[in-house]
Number of protein chains: 4
Amino acid sequence: MKRTSVKVAIVGASGYSGEELVRLLLNHPHVDLVAVTSRQSAGQTVAQVFPKFASHPKSRTLRFTEPNAELLAKQADLVFLALPHGVAAEYAVPLLHAGSQIIDLSADFRLKNPAIYREFYGRDHPAPELLPKAIYGLPEIYRDPIRGAQLIASPGCYPTSILLPLLPLLRAGLVRPEAIIADSLSGVSGAGRKAEPDYLFCECHESVRPYAVPKHRHLSEIEEQLSLAAGVPVVIQFTPHLIPVNRGILTTLYLTPAEAAPTAEALARLGETISSCYACAYAREPFVRLLEGKALPDTKNVVGTNVVEIAWRLDPRTGRLLVLSAEDNIVKGASGQAVQSMNIMCGFPETTGLL
Amino acid sequence: MKRTSVKVAIVGASGYSGEELVRLLLNHPHVDLVAVTSRQSAGQTVAQVFPKFASHPKSRTLRFTEPNAELLAKQADLVFLALPHGVAAEYAVPLLHAGSQIIDLSADFRLKNPAIYREFYGRDHPAPELLPKAIYGLPEIYRDPIRGAQLIASPGCYPTSILLPLLPLLRAGLVRPEAIIADSLSGVSGAGRKAEPDYLFCECHESVRPYAVPKHRHLSEIEEQLSLAAGVPVVIQFTPHLIPVNRGILTTLYLTPAEAAPTAEALARLGETISSCYACAYAREPFVRLLEGKALPDTKNVVGTNVVEIAWRLDPRTGRLLVLSAEDNIVKGASGQAVQSMNIMCGFPETTGLL
Amino acid sequence: MKRTSVKVAIVGASGYSGEELVRLLLNHPHVDLVAVTSRQSAGQTVAQVFPKFASHPKSRTLRFTEPNAELLAKQADLVFLALPHGVAAEYAVPLLHAGSQIIDLSADFRLKNPAIYREFYGRDHPAPELLPKAIYGLPEIYRDPIRGAQLIASPGCYPTSILLPLLPLLRAGLVRPEAIIADSLSGVSGAGRKAEPDYLFCECHESVRPYAVPKHRHLSEIEEQLSLAAGVPVVIQFTPHLIPVNRGILTTLYLTPAEAAPTAEALARLGETISSCYACAYAREPFVRLLEGKALPDTKNVVGTNVVEIAWRLDPRTGRLLVLSAEDNIVKGASGQAVQSMNIMCGFPETTGLL
Amino acid sequence: MKRTSVKVAIVGASGYSGEELVRLLLNHPHVDLVAVTSRQSAGQTVAQVFPKFASHPKSRTLRFTEPNAELLAKQADLVFLALPHGVAAEYAVPLLHAGSQIIDLSADFRLKNPAIYREFYGRDHPAPELLPKAIYGLPEIYRDPIRGAQLIASPGCYPTSILLPLLPLLRAGLVRPEAIIADSLSGVSGAGRKAEPDYLFCECHESVRPYAVPKHRHLSEIEEQLSLAAGVPVVIQFTPHLIPVNRGILTTLYLTPAEAAPTAEALARLGETISSCYACAYAREPFVRLLEGKALPDTKNVVGTNVVEIAWRLDPRTGRLLVLSAEDNIVKGASGQAVQSMNIMCGFPETTGLL
């Protein structure tokens with residue numbers, strides 16, 4: 001569907017992902033941001049809640065409202081849900097019935113299998129009948145289905161940083177699916193704007209710590225996507241760590257090549273194969289940056305952008321393949337990627353408002 | 001050798017490890033700090049160079065001098081070398097000949113094999129004849145040989161954070177030596193007080209990045225020690241990352257149990273074995289803290305102390321064993337551990353000046 | 001009163017000041033820490049709540065309890081109150097009646113005038129009859145009365161950083177009391193361990209902001225103390241700012257000399273007078289460091305210590321006197337200073353447990 | 001002069017201001033960035049030196065060159081100089097002779113009086129004959145002269161944060177020019193990308209410190225501008241502090257109203273006058289945000305933008321006027337403001353490329 005402009009609403013606009021959506025959509029040339037909702041900020045203007053956006057004229061007139069699905073369905077063509085899991089589905093159901101397009105940033109529609117949802121989220125899925133309709137909003141992988149989707153399940157921040165570097169290798173059969181380890185480091189914004197002691201400045205500054213070891217919830221969507229790519233069930237090791245930066249995820253993947261490369265020649269050939277695989281997958285992708293030479297990912301090179309940086313190394317000493325990625329957890333890992341999906345759904349150039 | 005007090009000198013006292021040695025030794029009840037050297041600070045008092053130590057009376061009288069091995073040998077019984085690799089050996093040779101005891105914080109005497117030194121440090125070892133005399137100063141592992149040593153090679157920061165959690169498992173044959181992955185996160189002080197652009201505040205703050213992938217120099221001593229423990233040559237995967245904290249190393253080890261534990265019962269038994277192994281190794285160690293229950297290591301709990309925190313998890317989904325450790329890279333990872341060795345060498349209670 | 005050891009309790013030991021008291025008192029050679037209370041942590045050991053103290057044997061046996069004044073009065077000779085204002089007085093009253101010594105870290109007993117308390121704290125003072133008994137616990141100024149006190153009102157963090165550099169000048173009549181400006185920068189721990197959005201990592205990191213402009217509560221005790229020193233009512237300008245460090249207060253005082261120094265000679269003489277004034281007040285104080293030469297205060301030189309750094313400059317261009325101070329807001333600005341008072345009250349050497 | 005596009009070069013493009021100029025100009029719709037120079041980066045592409053700009057196609061073709069004034073004059077219509085003081089003038093002289101327009105971000109042309117330059121910069125001015133031609137590039141104050149200028153002296157970061165809030169008050173005679181105090185807090189990027197120990201991560205993190213007390217170089221241009229506005233020579237007190245953020249300056253101005261306001265009514269009237277004064281000066285300025293209600297400036301609301309936030313408070317207790325401002329030191333305090341001047345000079349809408 002090709003449009004010149006689209007009326008958009010954001011439900012749950014006062015968290016970090018919501019705030020970033022507000023920023024991106026206020027500046028998007030084809031978007032008319034018609035509604036932003038937040039229970040706690042209802043009645044205030046966008047400029048009052050987010051002084052940093054006060055230079056945008058609309059921020060001084062657009063006011064936060066209480067979320068109301070019926071009303072939103074009338075106001076907006078497309079609705080972003082930036083809500084906790086479980087809550088998102090409550091809004092998605094009536095909005096979909098009313099014909100709205102939905103881009104959901106929560107985990108509610110990312111899984112095909114409601115049993116996995118139950119296992120990882122500790123409750124029955126609130127709307128299992130919608131799961132088959134949802135498209136996993138990773139544009140580099142699912143661009144075509146996104147085009148025609150009514151319901152996008154925008155990926156989690158860790159999954160994006162793991163899946164983009166891993167899926168091409170797995171699809172090409174280059175790495176062994178049973179030997180995948182993902183070690184990730186995330187900035188504190190990943191925890192959301194929750195007033196919990198663990199995320200106070202003094203508890204995070206000069207602190208580095210693992211958490212949710214060994215079974216973080218994001219494993220569910222990571223493994224489902226990896227299994228689809230590999231054609232076999234994939235179970236991986238994943239360890240998230242909290243580091244004292246506002247934004248950014250750095251992921252280190254430890255992989256085992258599908259075929260050993262015992263000689264220097266074999267290793268060089270394998271290197272060429274990997275290089276081709278990535279070039280084939282991403283050379284023309286505007287938001288994937290394949291690093292060259294000695295360059296390694298650094299979150300400071302992607303913060304504030306929708307770009308994922310990827311580098312890889314074959315270790316001749318161990319035979320392993322290391323793949324490293326960096327992204328902004330709130331942009332490519334959440335709101336930027338969601339806008340990228342919106343651009344595709346609406347027929348706008350995919351990079352609109354994201355460069 | 002039992003003494004009531006020891007005359008001590010620090011060569012290269014103006015870097016971060018040197019500074020921490022100054023702090024620990026000024027406050028050590030059995031140490032008489034007789035000399036501190038630094039080319040760039042020569043002539044200044046300790047209080048002038050390190051205002052934070054100015055409350056200690058001696059800091060206002062003790063002056064930095066140019067390093068002079070002959071003189072140091074006369075002044076001090078025991079000399080700490082906090083110098084770059086290569087430079088340390090230049091001072092160690094004459095000091096040893098003059099009968100001084102040496103605790104070297106550089107990499108110069110950590111390896112038994114000069115060929116490995118050449119491979120990793122890119123030059124011939126400056127004093128290979130001394131390598132057999134040097135004791136690797138990891139007190140929890142080499143307490144007895146440290147007692148009688150004249151030359152201690154104090155371990156690197158990353159090696160300490162990897163070896164302490166790994167050696168007991170490897171000695172007990174509980175993990176497969178060919179499948180070891182160590183993923184480490186280090187604060188910026190690990191780079192030393194070098195005025196290089198990469199370590200400027202603005203280049204590190206809001207940045208996370210891997211470096212020295214896949215062959216960091218510390219691999220040489222890590223693998224030598226692991227090989228000694230395993231009884232077979234061990235090659236591991238090791239990825240260091242730079243994170244924006246002053247101090248602290250967090251290491252995540254991905255290990256494969258030597259015997260698979262396919263059932264819940266087998267897993268529980270394996271867990272008990274690991275638990276016993278660690279208790280046996282470290283329950284009475286004053287500077288190793290085995291975490292219990294849900295606790296995971298956090299660098300903020302060890303910064304400023306000589307303690308290593310260790311926790312582990314068996315992942316029933318993957319069968320892997322995760323071990324996590326946290327230490328202060330400048331204390332247990334450098335100067336505190338060096339003082340611990342000194343206490344042992346001099347017959348002082350091992351925790352003296354370190355609690 | 002001279003003792004060899006004292007039984008001590010801490011009420012409200014789970015906040016940042018309470019935690020620092022626990023650290024200092026666990027390591028104090030003349031203190032037997034008999035009770036720590038905290039509603040939310042009751043039942044847990046000190047080691048469980050503060051893993052970083054787990055190396056101290058007592059941390060594994062001492063358990064947090066619900067606060068109970070009657071019981072505390074029996075257990076302890078001396079009680080530290082690390083509670084919010086208003087709440088502290090509720091515990092102080094019964095404890096004083098039971099004969100306990102009290103060191104209160106809240107604002108409840110810092111003012112002599114209950115009307116000022118009402119003006120700044122928005123409520124009637126809960127125990128105005130106790131105000132005359134309370135001694136303001138700034139040892140450098142009130143050492144003698146502290147010695148015999150039953151109730152110490154330990155100063156606030158900002159007041160300590162302002163009063164110590166200012167009181168000697170004001171007592172000596174060297175600056176005009178009506179022209180005092182104090183501009184202060186505080187680390188986030190000053191806000192306490194409160195789970196409020198304003199103090200989340202992402203809201204403080206890469207942020208600097210003034211707050212409580214122009215009438216911060218600490219003005220009440222600052223002005224009362226300055227008025228006592230000046231012999232006239234003093235009203236000052238005070239602007240606190242929140243900066244992204246865990247600990248530390250840096251205060252810049254803008255002062256006008258009582259007598260103008262229009263010539264270079266007059267200025268030099270005035271400089272000598274100021275220098276003498278400070279030397280006279282603080283040269284022998286163990287916790288005040290008068291900086292010399294070009295040195296200026298830096299919070300990193302005092303963090304973790306009970307020291308205040310002070311430097312001053314006469315500006316020949318403006319005729320003003322600038323005085324700059326740095327302290328650790330939780331040590332000299334709170335818990336360290338409280339322990340310093342305890343040492344005086346109990347007849348211990350004043351620096352015991354604080355070096 | 002009205003143009004549709006302008007050929008622009010940046011001399012000294014590898015520092016922080018240069019990097020920000022590159023970012024702004026790569027994305028500016030009317031700018032053709034034809035040359036970027038840097039001795040140390042010559043030969044490398046913009047994408048290699050600044051990976052974060054690699055998504056911009058031109059970054060992969062535009063290469064850094066050695067600076068060459070003659071060549072630059074041929075390539076570019078307008079040249080930004082992002083060089084140290086002293087060095088900037090060396091390039092400005094030949095470029096001006098060749099007819100180029102210059103926007104200089106150094107201090108070389110900010111002063112009218114070469115004697116003041118000598119006093120503050122410790123050397124004779126390298127091109128005093130150009131001083132009368134230079135326009136001080138503060139668009140909100142000098143928009144008209146900027147329009148026709150050939151040489152812009154773009155203001156310093158501290159001066160911008162002080163002059164914008166202060167000039168309207170001084171021009172209106174509302175504050176006493178002899179009683180001005182400016183207390184400023186700056187992020188570390190203000191020191192530039194200089195590899196000096198003082199600006200290493202570990203020396204800045206968990207540190208707050210004043211510097212250049214009491215006579216910072218920026219006083220020269222601040223006082224010259226204030227004197228022009230006041231019509232009398234103005235000497236002020238200015239204290240800069242270094243705080244651990246990458247970007248941002250927060251300035252607190254302590255001012256004395258020209259006429260005392262002894263009653264509540266007088267104070268209210270004065271408040272209205274100040275409010276009108278600011279509204280008159282800045283209500284229509286796109287890059288000045290006058291805060292309302294209880295809002296106070298916070299650097300996190302301006303970082304990455306060309307906006308200055310300003311708030312003020314009359315203190316009824318002291319009679320003083322406090323004015324607080326926040327800006328991004330590298331954008332409004334340097335490169336953004338320079339682009340703003342360029343827009344004016346070239347007849348582009350003033351906010352082009354800056355929103």
Side-chain angles (χ1 to χ4, degrees), chain C residues 178-187 202-215 219 223 235-239 241-254 256 294 296-301 303-304 309 311-322 324 326, chain D residues 178-187 202-215 219 223 235-239 241-254 256 294 296-301 303-304 309 311-322 324 326:
Chain C
E178 77 279 14
I180 296 168
I181 293 172
D183 189 288
S184 294
L185 319 176
S186 173
C202 295
E203 303 301 314
C204 296
H205 193 62
E206 282 291 295
S207 160
V208 191
R209 54 189 200 253
Y211 67 101
V213 176
K215 196 177 174 187
L219 271 170
E223 292 180 348
V235 174
I236 74 161
Q237 198 74 50
F238 166 54
T239 313
H241 299 75
L242 195 70
I243 53 169
V245 295
N246 276 358
R247 289 191 174 200
I249 286 180
L250 192 296
T251 287
T252 303
L253 292 165
Y254 297 95
T256 304
K294 294 190 171 179
L296 288 170
D298 185 332
T299 57
K300 73 167 172 278
N301 292 335
V303 162
E309 282 191 344
W312 57 271
R313 297 288 186 274
L314 275 169
D315 187 349
R317 302 171 75 256
T318 64
R320 278 200 200 83
L321 170 61
L322 268 69
L324 304 117
Chain D
E178 77 280 14
I180 295 169
I181 293 172
D183 189 286
S184 293
L185 319 176
S186 173
C202 295
E203 302 302 314
C204 295
H205 192 62
E206 281 292 293
S207 160
V208 192
R209 54 189 200 252
Y211 67 101
V213 175
K215 196 177 174 188
L219 270 170
E223 291 180 348
V235 174
I236 74 160
Q237 198 73 52
F238 166 55
T239 312
H241 299 76
L242 195 69
I243 54 169
V245 296
N246 277 359
R247 290 190 173 201
I249 286 181
L250 192 294
T251 287
T252 304
L253 292 165
Y254 297 94
T256 304
K294 294 190 173 179
L296 288 169
D298 185 332
T299 57
K300 73 166 173 276
N301 292 335
V303 162
E309 283 190 344
W312 57 270
R313 298 287 186 275
L314 275 170
D315 186 350
R317 301 172 75 256
T318 65
R320 279 200 200 81
L321 170 61
L322 268 71
L324 304 118

* What pair of heavy atoms forms the shortest contact from C/Val208 to D/Thr299, and how long is it? -> N-OG1, 2.9 Å

* Which answer fits D/Ile236, side chain, backbone, both or neither, if we ask what part of it has an atom under 4.5 Å from a heavy atom of chain C? -> backbone

* Asked: Given that the side chain runs from C-beta out, which part of D/Glu203 has a heavy atom under 4.5 Å from chain C: side chain, backbone, both or neither?
  -> both

* **Closest-packed option against chain C by number of heavy-atom pairs under 4.5 Å, given D/Gly187, D/Ala326, D/Pro297** => D/Pro297

* Side chain proximity check, D/Leu250 to C/Arg209, heavy atoms < 4.5 angstrom -> no

* Under 4.5 Å heavy-atom distance to chain C, tell me which part of D/Glu223 shows up: side chain, backbone, both or neither. => side chain

* For the student: nearest non-hydrogen atoms of D/Pro210 and C/Leu296, plus distance -> O-CD1, 3.7 Å

* **Residue list, ring-ring contact (aromatic ring centres under 6.0 Å, His included) with C/His241, at least two apart or on another chain** => none

* Do the side chain of C/Glu206 and the main chain of D/Lys300 share a donor and acceptor less than 3.5 angstrom apart? -> no

* To do: Please identify each residue that fulfils side chain to side chain donor-acceptor pair (under 3.5 Å) with C/Asp183, with sequence neighbours left out.
  => D/Tyr254

* Structure fact -> Nearest heavy-atom contact between D/Asp298 and C/Ser207 is OD1-OG, 2.8 Å

* Structure fact -> Heaviest contributor of heavy-atom pairs below 4.5 Å to chain C, chosen from D/Leu322, D/Val235, D/Ile181, D/Ile243, is D/Ile181

* chain D contact via C/Lys294 - which portion, at a heavy-atom distance below 4.5 Å -> neither

* To do: Using non-hydrogen atoms and a 4.5 Å limit, figure out which bit of D/Arg313 sits close to chain C: side chain, backbone, both or neither.
  => side chain

* Structure fact -> From the list D/Ile249, D/Thr252, D/Leu324, D/Val303, the residue making the most non-hydrogen contacts under 4.5 Å with chain C is D/Thr252

